[in-house]
**Q** 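Quick one: this structure, given as structure tokens, is what I'll be asking you about.
Here is how names work: the chains are called A, B, and so on, in the same order as the sequence lines, proteins then strands, and each is numbered from 1.
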There are 2 protein chains.
Amino acid sequence: MPTPHYGQPRYRAIADELRERIENGAIPRGALLPPESVLAAEFRASRGTVRQALAVLRQEQVVATEHGRGTIAKPYQIEQASESETRHRYVAADTELATLLAVEVGSLLVERQRVSQENGAIVAVVRTYLTASSSSVNADER
Amino acid sequence: MPTPHYGQPRYRAIADELRERIENGAIPRGALLPPESVLAAEFRASRGTVRQALAVLRQEQVVATEHGRGTIAKPYQIEQASESETRHRYVAADTELATLLAVEVGSLLVERQRVSQENGAIVAVVRTYLTASSSSVNADER
DNA sequence: AGAAATTTGTCCGTATGTATC
DNA sequence: AGATACATACGGACAAATTTC
């Protein structure tokens with residue numbers, strides 16, 4: 001199948017699906033994801049496309065990859081101390097964020113939002129903005 | 001030619017070379033780099049490998065790529081933004097923040113903004129929202 | 001200890017989609 | 001409309017690190 005990518009690219013859809021599986025526990029934190037070859041088969045995508053999806057998740061700090069070993073769903077997002085819920089979404093850079101991150105206004109950013117709770121009450125909302133356009137350093141991409 | 005890459009991978013060597021050309025002015029800041037196809041020819045590499053090299057430079061904020069246009073050597077590397085690494089301001093709670101923090105829409109929140117840098121380049125912006133009444137520092141991350 | 005199997009990393013070549021000039 | 005250039009996707013091959021037997 002040569003290459004249609006209407007709307008959302010395949011690798012982003014795959015990244016979304018894998019992120020979801022991690023967040024809802026289908027892939028437990030700390031566990032190895034299936035190998036790239038298996039994911040490629042499951043999603044009917046090439047290994048390269050799967051690797052692009054994993055690169056997205058690496059940049060979002062959702063997973064980590066080790067050569068010869070596999071890709072791991074990161075156990076604790078940062079501090080397990082207070083239960084935190086994390087959510088990702090894509091946002092356009094406003095002028096301030098664009099200036100700080102040295103990107104064009106309107107370019108795509110990843111917003112990671114987590115809430116920190118104490119005794120069930122949310123006491124803080126933390127939003128982290130990362131550039132979404134570039135894949136990670138050791139990422140394969142084409 | 002299938003793939004010899006002793007020592008440093010090809011794409012990193014290409015990234016190093018391009019970075020060097022930008023830093024020593026061979027490629028002026030603000031100018032377009034040669035198209036990927038030309039770079040691929042010059043370095044005797046596939047376009048995919050060149051794109052990997054450019055991805056490295058993008059993450060380093062040395063260049064920016066615009067779809068259909070080209071890849072640009074970034075004019076200003078940083079721009080003194082690091083002055084105010086941390087900044088506080090008051091903002092009104094929008095519906096989402098109000099819901100999460102269990103306050104009324106429009107009530108005053110403290111927004112603390114921090115930037116995290118790597119090699120002088122800002123790689124992430126972290127904003128923490130607290131209710132204006134509680135000012136104690138809490139969980140966050142890079 | 002060593003060999004084989006597994007899995008990620010790098011690189012190539014090609015084809016097609018999409019945005020800009 | 002056409003040319004140019006970046007983005008996405010495929011498939012194959014070999015290298016390197018880790019695990020397993």
**Q** Charged N to carboxylate O under 4.0 angstrom, E96(A) versus R89(B)?
**A**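 A salt bridge is present here (some side-chain N lies under 4.0 Å from a carboxylate O).
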
**Q** Any chance you could lay out the side-chain contact (heavy atoms from CB on, under 4.5 Å) test for L101(A) and L109(A), step after step, and finish with the verdict?
**A** CA-CA 10 Å; L101(A) 292 168; L109(A) 302 178; 3.9 Å; yes

**Q** Just to be sure I understand the geometry, which residues of residues 33-42 of chain A put a non-hydrogen atom under 4.0 Å away from DNA chain C?
**A**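 Here the set is P35(A), E36(A).
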
**Q** Given dA19(C), dT8(C), dA9(D), identify the nucleotide with an atom nearest to the side chain of Y11(A).
**A**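 Of the candidates, dA9(D) comes closest.
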
**Q** Salt-bridge test for R47(A) and E42(A): reply yes if a basic N is under 4.0 Å from a carboxylate O, no otherwise.
**A**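 Looking at R47(A) and E42(A), the cut-off is not met.
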
**Q** Roughly how many Å is it from CG in L108(A) to C1' in dC6(D), rounded to a whole number?
**A**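 Going from L108(A) (CG) to dC6(D) (C1'), I get 16 Å.
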
**Q** Choosing from dC10(D), dA19(C), dG9(C), which nucleotide comes nearest the side chain of H67(B)?
**A**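 Selected nucleotide: dA19(C).
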
**Q** Can you tell me if the side-chain N/O atoms of R51(B) get under 4.0 Å from OP1 or OP2 in dC6(D)?
**A**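 Indeed not, no polar side-chain atom of R51(B) lies that close.
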
**Q** Could you give the CZ-to-P distance, from R47(B) to dT16(C), as a whole number of Å?
**A**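 To the nearest whole Å, that distance equals 15 Å.
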
**Q** If you group Ile, Leu, Val, Met, Phe, Trp and Tyr by side-chain heavy-atom gaps below 4.5 Å, do I72(B) and L108(A) land in one group?
**A**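 Not linked; separate clusters.
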
**Q** Identify all pairs in which a protein N or O lies below 3.5 Å from an N or O of nucleotides 19-21 of chain D, and state each distance.
**A**
unit_1	atom_1	unit_2	atom_2	d
dT19(D)	OP1	R69(A)	NE	2.9

**Q** For Q52(A) and dT10(C), give me the distance from atom CD to atom P, rounded to whole Å.
**A**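 From Q52(A) CD to dT10(C) P: 14 Å.
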
**Q** Take the protein atom CZ of R44(A) and the nucleotide atom P of dA9(D), then report the distance between them rounded to whole Å.
**A**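 Atom CZ in R44(A) sits about 16 Å away from atom P in dA9(D).
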
**Q** From the list dA16(D), dG17(C), dT10(C), which nucleotide is the closest neighbour of the side chain of P9(B)?
**A**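 Nearest listed nucleotide: dT10(C).
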
**Q** Is any side-chain N of the basic residue among E23(A) and R87(A) closer than 4.0 Å to the acidic one's carboxylate O?
**A**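 Salt bridge between E23(A) and R87(A), a charged N being under 4.0 Å from a carboxylate O: no.
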
**Q** Taking CD from Q8(B) and P from dA16(D), how many angstroms apart are they, rounded to a whole number?
**A**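 My rounded result for the distance is 14 Å.
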
**Q** Start with the C-alpha gap between L97(B) and R127(A), add the side-chain angles, then the distance that decides, and say whether side-chain contact (heavy atoms from CB on, under 4.5 Å) holds.
**A** CA-CA 11 Å; L97(B) 289 172; R127(A) 289 176 179 167; 3.5 Å; yes

**Q** For R112(A) and Q61(A), indicate whether the former's side chain and the latter's backbone hold a donor-acceptor pair under 3.5 Å.
**A**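 Checked: no pair found.
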
**Q** Could R12(A) and Y90(A) be counted as a cation-pi pair, given that NZ or CZ must be under 6.0 Å from the ring centre and within 45° of the axis?
**A**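 Yes, cation above the ring, under 6.0 Å and within 45°.
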
**Q** Reckon T49(B) has a side-chain N or O less than 4.0 Å from the OP1 or OP2 of dC12(C)?
**A**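 Yes.
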
**Q** Walk me through it: do R58(A) and T65(A) pass the test side-chain hydrogen bond (donor to acceptor under 3.5 Å, both in side chains)?
**A** CA-CA 8 Å; R58(A) 268 196 298 274; T65(A) 298; 2.8 Å; yes

